[in-house]
Amino acid sequence: MTLRQFKVWRGDASGGQLNDYKVEVNEGEVVLDVIHRLQATQEPDLACRWNCKAGKCGSCSMEINGMPRLGCMTRMSTFEEDETISITPLRTFPVIRDLVTDVSFNYEKAQEMPAFAPPADLAPGEYRMQQIDVERSQEFRKCIECFLCQNTCHVVRDHDDNKPAFSGPRLFIRAAELDMHPLDARHDRKEIAQQSQGLGYCNITKCCTEVCPEHIKITDNAIIPMKERVVDRRYDPLVVFGRKILRR
Ligand code: SF4
Ligand code: F3S
Ligand code: FES
């Protein structure tokens with residue numbers, strides 16, 4: 001057991017500050033263990049959201065030494081013994097209290113997105129798809145909705161005014177997943193991403209990919225292929241010619 005130095009943000013929507021604490025740390029522990037010990041021994045009303053403690057529910061997202069991470073998957077051994085560790089709430093979303101933020105932005109954006117829409121003449125139970133199509137989008141279905149990617153993306157991190165027009169990387173992988181789905185026949189996902197979800201705001205900095213705890217290649221496998229296909233369609237002279245013919 002060692003005593004380690006922490007700074008933890010306490011406050012609410014009206015403001016707050018970093019408070020200093022010394023907390024016991026044992027071998028093998030993660031940051032969430034330390035927060036629980038702090039609640040148990042010094043700050044019983046410290047607010048922190050968590051659920052599974054196994055990196056699967058996506059609840060314990062926070063910023064640790066300024067880096068967006070899952071508290072339950074960040075080992076204390078990651079840090080130097082004498083390092084002060086600061087724990088702050090996600091910066092992109094409004095604070096409710098202490099380490100708990102209001103992430104409803106992400107659910108509102110999900111709601112704006114047209115749902116999976118199979119061909120009208122197929123009844124539930126008649127849906128069939130090839131294994132290869134199942135596998136193509138498997139990576140995107142690993143998303144645990146921790147919203148670390150949403151929190152990190154510079155398009156909205158310090159620019160609240162971009163939020164109405166930008167759905168963010170989590171929703172781009174959902175769009176890519178549906179775009180690859182052979183039975184999602186009634187929507188043009190690339191066009192929706194470009195026109196309504198703000199795909200054009202993304203300048204492929206890849207920060208979202210760097211923080212994803214599920215190691216989803218958000219930028220390379222979802223965003224860039226969608227951007228390429230939107231551009232191809234817009235500027236491909238054959239497509240433009242075909243469109244003109246069809247309009248006649
Ligand atoms: Fe979290 Fe990754 Fe899903 Fe983004 S894509 S919400 S970082 S699991
Ligand atoms: Fe943002 Fe990821 Fe694009 S961080 S700018 S959505 S590559
Ligand atoms: Fe579920 Fe951390 S508590 S991901």
Side-chain angles (χ1 to χ4, degrees), residues 29-37 39 46-64 67-76 78 87 89-93 98-101 103-110 113 137-163 165-180 190 193-194 196-228 230-231:
E29 287 186 337
V30 293
V31 169
L32 189 61
D33 289 317
V34 175
I35 293 171
H36 286 162
R37 185 164 297 116
Q39 287 173 324
L46 170 66
C48 170
R49 193 184 274 132
W50 69 284
N51 199 327
C52 69
K53 208 170 174 278
K56 286 295 162 221
C57 73
S59 313
C60 65
S61 299
M62 56 186 72
E63 302 203 358
I64 303 169
M67 188 71 185
R69 288 170 175 273
L70 295 179
C72 74
M73 297 303 284
T74 305
R75 292 201 168 274
M76 284 302 301
T78 318
I87 306 173
L90 298 179
R91 190 162 100 194
T92 302
F93 310 118
D98 303 335
L99 302 176
V100 176
T101 52
V103 292
S104 44
F105 163 79
N106 305 289
Y107 299 114
E108 283 155 18
K109 292 295 170 186
M113 192 167 179
S137 59
Q138 187 75 31
E139 175 189 17
F140 304 136
R141 289 196 294 276
K142 290 193 307 180
C143 175
I144 58 169
E145 299 215 301
C146 63
F147 306 130
L148 290 179
C149 58
Q150 302 283 93
N151 173 64
T152 307
C153 179
H154 67 96
V155 175
V156 284
R157 188 166 169 89
D158 290 311
H159 302 282
D160 259 0
D161 48 326
N162 283 339
K163 283 184 177 168
F166 187 72
S167 296
R170 191 281 170 262
L171 275 306
F172 295 151
I173 64 166
R174 177 69 179 142
E177 180 192 335
L178 289 170
D179 191 44
M180 291 174 187
K190 290 180 281 292
Q194 186 69 17
S196 322
Q197 295 183 293
L199 184 67
Y201 281 72
C202 164
N203 53 356
I204 53 173
T205 54
K206 301 197 183 188
C207 313
C208 50
T209 303
E210 274 170 34
V211 297
C212 177
E214 286 294 319
H215 309 293
I216 301 169
K217 293 201 168 61
I218 304 170
T219 326
D220 286 350
N221 292 352
I223 295 176
I224 293 176
M226 280 207 298
K227 274 178 172 287
E228 280 173 350
V230 168
V231 169

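One is the number of the first residue; the rest follow in order along the sequence. The basis for the numbers below is simple: all heavy atoms, side chains too, and nothing from hydrogens, waters or symmetry mates. Atoms within a ligand are numbered from 1 in the order they appear, just like the ligands themselves.
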### Query
If you measure from each non-hydrogen atom of Lys142 to ligand 1, which part falls under 4.0 Å: side chain, backbone, both or neither?
neither

### Query
How does Ile223 reach ligand 2, if at all, at less than 4.0 Å between non-hydrogen atoms: by side chain, backbone, both, or neither?
side chain

### Query
N/O/S atom of Cys212 under 2.8 Å from atom 2 (Fe) of ligand 1, yes or no?
yes

### Task
Please write down residue, atom name and distance for the protein heavy atom closest to atom 1 (Fe) of ligand 2.
Cys153 SG, 2.3 Å

### Query
Does Pro169 reach ligand 1, in the sense of a heavy atom lying below 4.0 Å from it?
no

### Message
Under 4.0 Å from a heavy atom of Lys206: which atoms of ligand 2 are those, numbered in the order shown and with their elements?
### Response
7 (S)

### Query
Among protein heavy atoms, which sits nearest to atom 4 (S) of ligand 2, and what does the distance come to when rounded to 0.1 Å?
Cys208 N, 3.3 Å

### Query
atom 4 (Fe) of ligand 1: which protein heavy atom is closest, and how many Å away?
Cys149 SG, 2.3 Å

### Message
Under a 4.0 angstrom heavy-atom cut-off, which atoms of ligand 2 come close to Asn203?
### Response
5 (S)

### Query
In terms of ring plane angle, is the pair Phe166 and Tyr201 parallel, tilted or perpendicular, where the classes change at 30° and 60°?
tilted

### Query
Which residue holds the protein heavy atom closest to atom 1 (Fe) of ligand 1, what is that atom called, and what is the gap in Å?
Cys146 SG, 2.3 Å

### Task
Could you tell me the residue and atom name of the protein heavy atom closest to atom 2 (Fe) of ligand 3, and the distance to it rounded to 0.1 Å?
Cys60 SG, 2.2 Å

### Query
For ligand 1, which atoms sit closer than 4.0 Å to a heavy atom of Phe147?
1 (Fe), 6 (S)

### Query
Between Glu29 and Arg75, is there a side-chain N and carboxylate O pair less than 4.0 Å apart?
no

### Task
Under 4.0 Å from a heavy atom of Asn51: give me the atoms of ligand 3 that qualify, with their elements.
3 (S)

### Message
Heavy-atom pairs closer than 4.0 Å: do any link ligand 3 to the side chain of Lys56, the backbone, both, or neither?
### Response
backbone

### Query
Any idea which atoms of ligand 2 are less than 4.0 Å away from a heavy-atom of Thr219?
7 (S)

### Query
Do NZ/NE/NH1/NH2 and the carboxylate oxygens of Glu214 and Arg141 come within less than 4.0 Å?
no

### Task
Please work out whether any backbone atom (N, CA, C, O) or any side-chain heavy atom from C-beta onward of Val211 is under 4.0 Å from ligand 1, and answer side chain, backbone, both or neither.
neither

### Message
Can you name the atoms of ligand 1, numbered from 1 with element, that are less than 4.0 Å from a heavy atom of Pro213?
### Response
7 (S)

### Task
Output the list of atoms in ligand 2 that are nearer than 4.0 Å to some heavy atom of Cys202, sorted by atom number.
3 (Fe), 5 (S), 6 (S), 7 (S)

### Query
Between Phe172 and Phe140, is the gap from one ring center to the other below 6.0 Å?
no

### Query
Closest non-hydrogen protein atom to atom 4 (S) of ligand 3, residue and atom name please, with distance?
Gly58 N, 3.3 Å

### Residue Ile218 vicinity, atoms of ligand 1 by number, heavy atom under 4.0 Å
5 (S)

### Query
Relative to the heavy atoms of Thr205, which atoms of ligand 2 are at a distance of less than 4.0 Å?
4 (S), 5 (S), 7 (S)

### Message
Please determine whether any non-hydrogen atom of Thr152 lies less than 4.0 Å from an atom of ligand 2.
### Response
no

### Query
Is a salt bridge present between Glu139 and Lys217, judged by a nitrogen-to-oxygen distance below 4.0 Å?
no

### Task
Measure the spacing between CE of Met67 and CD of Glu210 and express it to the nearest 0.5 Å.
6.5 Å

### Query
Considering only heavy atoms, does His154 approach ligand 2 within less than 4.0 Å through its side chain, its backbone, both, or neither?
side chain

